[in-house]
K.L.:
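Mind looking over this structure? Questions follow.
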Amino acid sequence: MLSIELIRQQPDFVKAGIASKNEGPEIVDEILLLDRQRRELLQEADALKHHRNEASERIAALKRDHQDATDAIAAMKDVGSQIGHLDELTKTVDGRLHDLLLRIPNLPHASVPVGRNENDNDVVFTWGDKRTFSFVPRPHWELGESLGIIDSAAGAKITGSRFYVLRGLGAKLERSLISWMLDVHVQEEGYTEILPPYLVNRDSMTGTGQLPKFAEDSYHTDTDDLFLDPTAEVPVTNLLRDEIIQEGRLPIKYVAYTACFRKEAGAAGKDTRGIIRVHQFNKVEMVKVVRPEESYHELDLLLDNAEGILRRLDLPYHRSRMCTGDLGFAAAMKYDPEVWMPGQDRYVEISSCSNFEDFQARRANIRYRTADGKLSFVHTLNGSGLAVGRTMAAILENYQEEDGTVRIPDVLVPYMGTDTIR
RNA sequence: GGAGAGGUGGCUGAGCGGUUGAAAGCGCCUGCCUCGAAAGCAGGUGACGGGGUUCCCUCGUUCGUGGGUUCAAAUCCCACCCUCUCCGCCA
């Protein structure tokens, strides 16, 4: 969330920032109004409480001296109820204010290009040579079906649409990719591996920004109010919720594999074929918690770590810079590496690397203590390294042969125990 | 799921209705001592939110969370959450 001080002091700056994210300015005015009400109520109640505290001290003194205190007690009789009334009002206003603060998006970094939606994003970097095919490359869903490794019908049968089953070397390829990606990030880039719960509580979902605004995107268990994590970002970032980190521990670099669950509300009709947009998918996610002054440098490193996976797999990609309108709710800056899919003749998002600055840290109350003892909010970042199912799709499409077999990228052969899926 | 124990400041841990934001110890910071350090001695040391004449003063809140009782709650009552031990069930 944004600091209330910033909203108070520079409301027009905040309005302009959220407008560039396609959010109306009314929320800022509503916040300012409630903030004013809150402070007025607080002053009134504090004055009464001060009065009560002084009276209590006098009563205590009288009691100690074994003197009669009935008059003093009688005089305070209804002050308590006045305070109770004011506290109740404050609580109502406070709750409403807090809810609005949780619903206001992060402001974009000043350097982010202003734009309305994904059409205004820029490709800022391109890597790799697209392979020239002597035949018409097929999309991964056709390859997956003919090889018998991706079974969408089975997924629909046992669960529903947008679920799929992997079989044989398909299942093994998914598992190999997870292990290999984790190994690269841990062994070569110094991340610490985490295997968190896939179910998270309401506080965790609020801490990273999925709640309260995007509840309809998440799977939820009615009986105990838990959510299926939409990304490992949620459990992993929340490892540090309400923690005070000694500065020397920063930067903290975590990498986690989890299954991810998304309702994909509003995606009806989009990417209906294949395994690009599904309700359950595997992802390896990197999460960083860093000192504020280093967060943009760390974003560059994070991007390089994500794209390094694509380079090791020799998959052509480009990097898309998100405009303000496509940053999402919590990010101040975001880049999406997109992989080339020759079977579909398009680039597909395969990672998303964001700097949230202190937006998540404020919500989740993640702070660090500097050498001179001061407390500040950290900056948080995360990026997929990578979405596993989409990586498998990209491998199938880029490494396919005319006879329908698929070659295994060199780095994965030791994990797969074979160099071809046939 | 059942029974029991417990949740207090950075940590350990007292307090169990009335100057208790909270003893004591540890840790940390400052000063004295020292060539320097340790030891010793003295002092200081939480967070959050208001207000102000804004390197400081002041008020309020804060002892797992939320309610309740009371002039007054860390302290009494209720509910919930979490941790530990034992039992049961179980991949």
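Keep in mind it's a predicted model, so treat the numbers as computed, not measured. Naming convention: chains lettered A, B, ... in sequence-line order (proteins, then strands); numbering from 1 in each chain.
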K.L.:
Specify the separation, in whole Å, of atom CD of A:E88 and atom C1' of B:G66.
P.N.:
14 Å
K.L.:
Could you check which of B:G50, B:C71, B:U61 has an atom nearest any side-chain atom of A:K49?
P.N.:
B:U61
K.L.:
Given atom CD of A:E5 and atom C1' of B:G50, what is their separation to the nearest angstrom?
P.N.:
11 Å
K.L.:
Ignoring backbone atoms, test whether A:N53 places a side-chain nitrogen or oxygen under 4.0 Å from the OP1 or OP2 oxygen of B:G60.
P.N.:
yes
K.L.:
Which listed nucleotide (B:G60, B:G18, B:G50) is nearest to the side chain of A:I4?
P.N.:
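Between B:G60, B:G18, B:G50, the one nearest the side chain of A:I4 would be B:G50.
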K.L.:
Say you pick atom P in B:C78 and the same atom in B:C56; how far apart are they, in whole Å?
P.N.:
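About 47 Å, rounded to a whole number of Å.
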K.L.:
When the distance from CD1 of A:I73 to P of B:G17 is rounded to whole Å, what number comes out?
P.N.:
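From A:I73 CD1 to B:G17 P: 17 Å.
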K.L.:
Under 3.5 Å, is there a donor-acceptor pair between the A:N201 and A:S204 side chains?
P.N.:
yes
K.L.:
Which value, rounded to the nearest 0.5 Å, describes the distance between A:Y335 atom OH and A:M322 atom CE?
P.N.:
10.0 Å
K.L.:
A:Y219 vs A:F261 aromatic rings, parallel, tilted or perpendicular, using cut-offs 30° and 60°?
P.N.:
perpendicular
K.L.:
Atom CZ of A:R38 and atom C1' of B:G51: how far apart are they, to the nearest Å?
P.N.:
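Taking atom C1' of B:G51 as the reference, CZ of A:R38 is at 13 Å.
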K.L.:
Does a donor on one side chain and an acceptor on the other come within less than 3.5 Å for A:E357 and A:N106?
P.N.:
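There is no such pair (donor and acceptor under 3.5 Å, judged by atom type) between the side chains of A:E357 and A:N106.
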K.L.:
Look at the side chain of A:A60 and decide which nucleotide, out of B:C71, B:G18, B:G51, has an atom nearest to it.
P.N.:
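Of the options given, the side chain of A:A60 lies nearest B:G18.
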K.L.:
When the P atoms of B:U65 and B:U70 are considered, how many whole Å apart are they?
P.N.:
23 Å
K.L.:
Might you point out which heavy atoms bring A:W340 and A:N398 nearest each other, and give the distance in Å?
P.N.:
O-ND2, 2.9 Å
K.L.:
Expressed in whole Å, how much space separates the P atoms belonging to B:G27 and B:A38?
P.N.:
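Comparing P positions in B:G27 and B:A38 gives a spacing of 12 Å.
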K.L.:
If you measure from the C1' atom in B:C89 to the same atom in B:A22, how many Å do you get, rounded?
P.N.:
44 Å
K.L.:
Answer yes when A:D29 and A:K15 have at least one side-chain N-carboxylate O distance shorter than 4.0 Å, and no when they do not.
P.N.:
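Yes.
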K.L.:
With a cut-off of less than 4.0 Å, is there a side-chain N or O of A:R52 near OP1 or OP2 of B:U61?
P.N.:
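For B:U61, OP1/OP2 do have a side-chain N/O of A:R52 under 4.0 Å.
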K.L.:
Name the residue closer to the 5' end of RNA chain B, choosing between A:K63 and A:D46 according to the nucleotide with the nearest heavy atom.
P.N.:
A:K63
K.L.:
Any side-chain donor-acceptor pair under 3.5 Å between A:D224 and A:T221?
P.N.:
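Their side chains do contain a donor-acceptor pair, which is all the 3.5 Å distance test asks for.
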K.L.:
Just how far, in rounded Å, is C1' of B:C71 from CD of A:E54?
P.N.:
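It is 14 Å, rounded to the nearest whole Å.
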K.L.:
Whole angstrom is fine here: how far is it from CZ in A:F377 over to C1' in B:C48?
P.N.:
10 Å
K.L.:
Does anything in residues 357-369 of chain A come within less than 4.0 Å of RNA chain B? Heavy atoms only, and list the residues if so.
P.N.:
A:R367
K.L.:
Could you give the distance separating B:G21 and B:A47 at their C1' atoms, to the nearest angstrom?
P.N.:
11 Å
K.L.:
Are the side chain of A:H185 and the backbone of A:G385 linked by a donor-acceptor contact shorter than 3.5 Å?
P.N.:
yes
K.L.:
Want to settle it: does A:S56 or A:R39 sit nearer the 5' end of RNA chain B, counting the closest nucleotide to each?
P.N.:
A:R39
K.L.:
B:C76 and B:A91: how far apart are their C1' atoms, nearest whole angstrom?
P.N.:
45 Å
K.L.:
Separation of A:L48 atom CG from B:G60 atom C1', in whole Å?
P.N.:
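Going from A:L48 (CG) to B:G60 (C1'), I get 12 Å.
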K.L.:
Tell me which nucleotide among B:G49, B:C48, B:C71 gets nearest to the side chain of A:I59.
P.N.:
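Of the options given, the side chain of A:I59 lies nearest B:C71.
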K.L.:
Considering the options A:F356, A:F359, A:Y296, which one meets the ring-ring contact (aromatic ring centres under 6.0 Å, His included) requirement together with A:H109?
P.N.:
A:Y296
K.L.:
Distance check, C1' atoms only: B:A24 and B:C35, in whole angstrom units.
P.N.:
37 Å
K.L.:
Quick one: A:N201 CG to B:U65 P, roughly how many Å, whole number?
P.N.:
16 Å
K.L.:
Hey, does the side chain of A:H50 come within less than 4.0 Å of B:C59's phosphate (OP1/OP2), counting only N and O?
P.N.:
no
K.L.:
For B:C77 versus B:A5, give the span between their P atoms, rounded off to a whole number of Å.
P.N.:
14 Å
